[in-house]
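A note on names: the letters A, B, ... follow the listed sequences, proteins ahead of strands, and every chain is numbered from 1.
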Amino acid sequence: MKPPRANGYRDAWCGGFSAGDTDAPARVAGWVHRRRDHGGVVFIDLRDRSGLLQLVFHPDRAPEAHQLAHRLRPEDVLSAAGTIVRRDPENVNPQLPTGEVELAVSDVEILSDADTPPFPIDEEVAVDEVLRLRHRALDLRREGMAEMLALRHRVIAAMRAYLDERDFLEVETPILTRSTPEGARDFLVPARISPGTFFALPQSPQLFKQLLMIAGAERYYQIARCFRDEDSRADRQPEFTQLDIEMSFVEEDDVIELIEGLMHRVLSVGGLGLPAPPWPRLPHAEAMERYGSDRPDLRFGMEIHDVSELVQGSDFKVFENVLGSGAGVVRALNAGPQGAAMSRHELDELNEFVQAYGARATAPMPVTEEGWGSNLAKFFSPEQVAAVNQRLGASPGDLLLFVADRASVAAAALGALRLELGHRFGLVPAGRHQVSWVVDFPMFEYDEAEGRWDPLHHPFTQPTGDLADPGALRARAYDLTIDGWEMGGGSIRIHSPEVQREVFRAIGISDQEAQERFGFLLDALRYGAPPHGGIAFGIDRIVALLGGRESIRDAIAFPKTASGLDPLTGAPAAVDERQLRELGVRLAGGAPRTGDAGTR
RNA sequence: GGGGGCGUAGCUCAGAUGGUUAGAGCGCUGCCCUGUCACGGCAGAGGCCGCGGGUUCGAGUCCCGUCGCUCCCGCCA
């Protein structure tokens with residue numbers, strides 16, 4: 001870090017000193033990290049953003065400062081002046097970047113004293129997350145979280161630098177905008193100027209960036225806040241940040257190549273080594289079949305295999321019922337010897353596990369020299385057993401796990417099972433990372449419940465194929481997946497108003513409806529829209545991955561809890577009756593229940 | 001909306017089968033200590049066992065409800 005401008009508080013950073021500074025006068029400021037009071041000499045580790053510096057208070061050389069030093073407590077804020085001195089060789093602390101020197105303090109001023117913190121700042125112990133969030137200012141002082149803040153900054157700075165070098169314009173788009181149903185639930189903001197109407201917070205800047213292409217911006221990006229009123233997950237927050245990118249006159253390879261360069265740089269800034277691009281591209285159907293996921297974790301094997309045609313005609317009713325209807329598949333994975341070592345109880349638990357994904361059960365089949373060591377084995381011919389073993393690469397001592405169900409259910413259940421067992425068996429080598437594009441998505445999937453086609457990506461994605469046959473349409477879309485996280489996704493967009501209308505029709509949006517909701521886009525498309533495409537990345541996820549964190553909450557300075565509340569500010573909270581009146585809003589349920597959020 | 005895990009000292013946790021004064025480490029307070037760096041030594045304070053109800057002679061422990069955290073399913077174009 002560059003030296004701070006010298007003033008009454010300090011003229012240097014704590015973390016910047018080394019043996020070369022010996023005998024230099026210095027003034028530093030920061031927080032008391034730890035104290036070691038010997039009654040005589042007192043040591044204080046002083047912390048600022050740059051790091052730690054040991055201060056020494058000698059009773060005989062600076063009696064006044066030494067007197068004060070006895071009163072210092074962790075997290076007190078002080079400014080200290082003195083001389084940088086070289087430590088005797090036996091007193092050097094190799095753990096500390098500044099460990100060869102210390103500041104012999106002659107003068108100290110306490111700027112603020114601190115209550116005892118509710119949790120330790122000087123060690124990285126696990127602390128209840130509500131407590132951390134309620135005292136986020138203290139939590140962010142902790143080394144790990146301070147590093148996450150800095151990491152996030154470096155990631156975003158690298159993105160800006162890369163895109164700036166390539167002539168992208170950073171453009172802001174509205175936060176107060178219009179609700180465009182479809183997709184996630186919107187956050188709504190009542191409009192005072194027009195009672196009974198509402199703004200919506202953007203789920204993404206999708207339509208605006210397309211308008212920017214029509215405007216001739218050619219190359220756009222934005223660090224964009226997005227809002228989706230859906231339940232959270234470890235990798236999902238109601239508000240999150242995307243790197244949003246759009247380009248004109250491009251095809252898939254233009255976007256993919258640009259992004260490979262961008263992400264390769266961003267990830268190496270974060271210390272994550274990946275092979276040099278180009279990166280592998282996995283067709284969506286293959287990802288679903290082999291890994292049971294559209295964001296496969298490729299760091300380990302245990303691939304899923306479809307064995308439907310191999311077990312066709314067996315005497316096992318469960319399989320035959322599924323296969324006979326033509327609506328189902330039989331798939332399996334090889335859980336290996338570690339799978340075979342699972343207890344009866346553990347195998348029973350796997351049934352409950354797959355039931356969460358809609359599957360009825362998973363059938364375990366131990367592989368032996370003689371065939372399959374299960375009372376179900378008798379239903380299968382020796383040829384079937386051999387064929388399945390061969391496809392799954394099974395040898396005696398392995399355990400095969402089968403799921404028979406609709407293809408989507410079998411994929412989800414076995415995909416989740418694969419991840420669970422992969423982690424349980426420690427199959428992911430530490431430090432290993434795998435990146436892959438997922439491409440060749442279907443344009444639509446059929447929603448049984450709603451009885452209509454739904455876009456897998458979004459309805460602005462350009463389809464290829466015959467629009468009259470929605471089920472066969474492909475989407476010009478691409479997702480980037482790292483270690484089982486979906487990091488980003490994008491597509492080549494529709495630039496023809498006619499095609500756009502047809503896609504709306506296919507998903508049950510009439511021309512009239514389309515005009516009402518998306519008229520501003522359809523209108524703009526009529527005035528000369530360039531072919532264009534782009535992508536958006538989840539910055540919170542990228543930072544979490546780079547920081548080795550399980551949850552994006554650790555990548556966000558002030559996140560919400562998993563239930564969408566903010567223990568720091570108490571949001572969401574009730575508002576004054578008067579505010580509601582001004583907005584023309586009346587609460588249907590009367591006054592809200594005031595929850596005791598965060599009470600322990 | 002549903003399922004799993006969790007809630008005991010400021011923090012992190014232990015408290016089989018219900019049993020009498022609820023423990024540990026760290027932190028905190030006081031005293032001692034002139035080269036520590038997770039300093040050390042002595043002494044001490046600190047508990048609505050998340051909350052409410054129930055069973056019982058007796059509940060941190062069992063039952064019901066509720067609140068909160070967390071992971072997952074649904075949801076997330």
Side-chain angles (χ1 to χ4, degrees), chain A residues 33-45 52-61 66 73-74 87-88 90-96 98-99 102 104 115-135 138 180-186 203-204 206-207 226-238 240 349 352-359 412-413 416 419-420 443-445 447 449 453-461 475 477 486 489 491 503-504 507 509 518 538 550-551 553 561-563 565 567 593 595-600:
Chain A
H33 191 64
R34 263 184 218 133
R35 69 196 172 97
R36 291 174 294 279
D37 187 341
H38 288 232
V41 67
V42 175
F43 299 101
I44 296 289
D45 290 336
L52 295 177
L53 177 67
Q54 175 165 282
L55 313 185
V56 203
F57 297 81
H58 291 285
D60 32 9
R61 291 182 231 168
H66 178 259
R73 290 293 178 270
R87 299 196 198 183
D88 292 338
E90 67 271 22
N91 287 332
V92 165
N93 181 355
Q95 315 276 309
L96 213 59
T98 59
E102 60 196 3
D115 288 354
T116 300
F119 51 83
I121 307 302
D122 62 345
E123 46 183 313
E124 295 290 310
V125 292
V127 174
D128 178 76
E129 208 168 341
V130 180
L131 196 66
R132 288 175 54 203
L133 291 178
R134 194 179 298 144
H135 301 279
L138 298 181
T180 51
E182 305 300 310
R185 195 177 296 113
D186 283 320
Q203 296 183 22
S204 84
Q206 179 63 32
L207 300 181
C226 304
F227 306 86
R228 294 179 191 175
D229 189 4
E230 301 290 352
D231 289 347
S232 299
R233 286 288 186 282
D235 63 349
R236 257 165 48 190
Q237 283 265 304
F240 60 101
E349 282 180 338
E352 292 168 36
F353 182 83
V354 298
Q355 277 157 13
Y357 300 86
L419 288 180
E420 167 65 21
M443 182 71 188
F444 300 116
E445 64 186 342
D447 184 334
W453 293 98
D454 264 345
L456 238 71
H457 201 65
H458 58 53
F460 312 105
T461 295
E486 182 194 326
S491 63
V503 167
F504 283 143
I507 58 177
I509 299 177
F518 304 107
E550 298 284 327
S551 163
R553 289 188 298 274
T561 65
S563 48
L565 311 176
R593 225 163 24 90
D596 53 341
T599 300
R600 280 190 85 200

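Salt bridge annotation for A:Asp231-A:Arg236: absent, with no cationic side-chain nitrogen under 4.0 angstrom from a carboxylate oxygen.
Put simply, the residue from A:Ile44, A:Asp122, A:Leu53 that forms a side chain to side chain contact (heavy atoms under 4.5 Å, CB included) with A:His33 is A:Asp122.
Contacts of A:Asp229 with the nucleic acid, taken as non-hydrogen atoms under 4.0 Å apart, are absent. In this structure, A:Arg34 reaches the sugar-phosphate backbone alone: every heavy-atom distance under 4.0 Å involves primed, P, OP1 or OP2 atoms, never a base. Using a 4.0 Å heavy-atom cutoff across all strands shown, A:Arg553 reaches sugar-phosphate atoms only and no base atom. Residue contacts for A:Glu123: at a heavy-atom cut-off of 4.0 Å it reaches the sugar-phosphate backbone alone, with no base atom in range. Among the heavy atoms of the strands lying under 4.0 Å from A:Pro59 is at least one base atom, whether or not backbone atoms are also near. Among the heavy atoms of the strands lying under 4.0 Å from A:Asp37 is at least one base atom, whether or not backbone atoms are also near. Contacts of A:Gln54 with the nucleic acid, taken as non-hydrogen atoms under 4.0 Å apart, include base atoms. Heavy atoms of A:Gln237 sit nowhere under 4.0 angstrom from any nucleic acid atom.
Nearest-nucleotide mapping onto RNA chain B: of A:Pro120 and A:Gly99, the residue sitting toward the 5' end is A:Pro120.
Taking only side-chain nitrogens and oxygens, A:Arg73 comes nearer than 4.0 Å to OP1 or OP2 of B:U29. Look at A:Arg36 and you'll find a side-chain N or O under 4.0 angstrom from OP1 or OP2 of B:C39. At the phosphate of B:G27, neither OP1 nor OP2 sits under 4.0 Å from any side-chain N or O atom of A:Thr116. Residue A:Ser563 places at least one side-chain N or O under 4.0 Å from the OP1 or OP2 atom of B:C69.
Nucleotide B:C6 forms a pair with B:G68, judged by Watson-Crick or G-U wobble geometry with both contacts under 3.5 Å. Of the nucleotides present, none pairs with B:C33 by Watson-Crick or G-U wobble criteria with both distances under 3.5 Å.
With 3.5 Å as the limit, one finds a donor-acceptor pair spanning the side chains of A:Asp186 and A:Gln203.
By the 5.5 angstrom centroid cut-off and the 30-degree plane limit, A:His38 is classified as not stacked against the base of B:U36.
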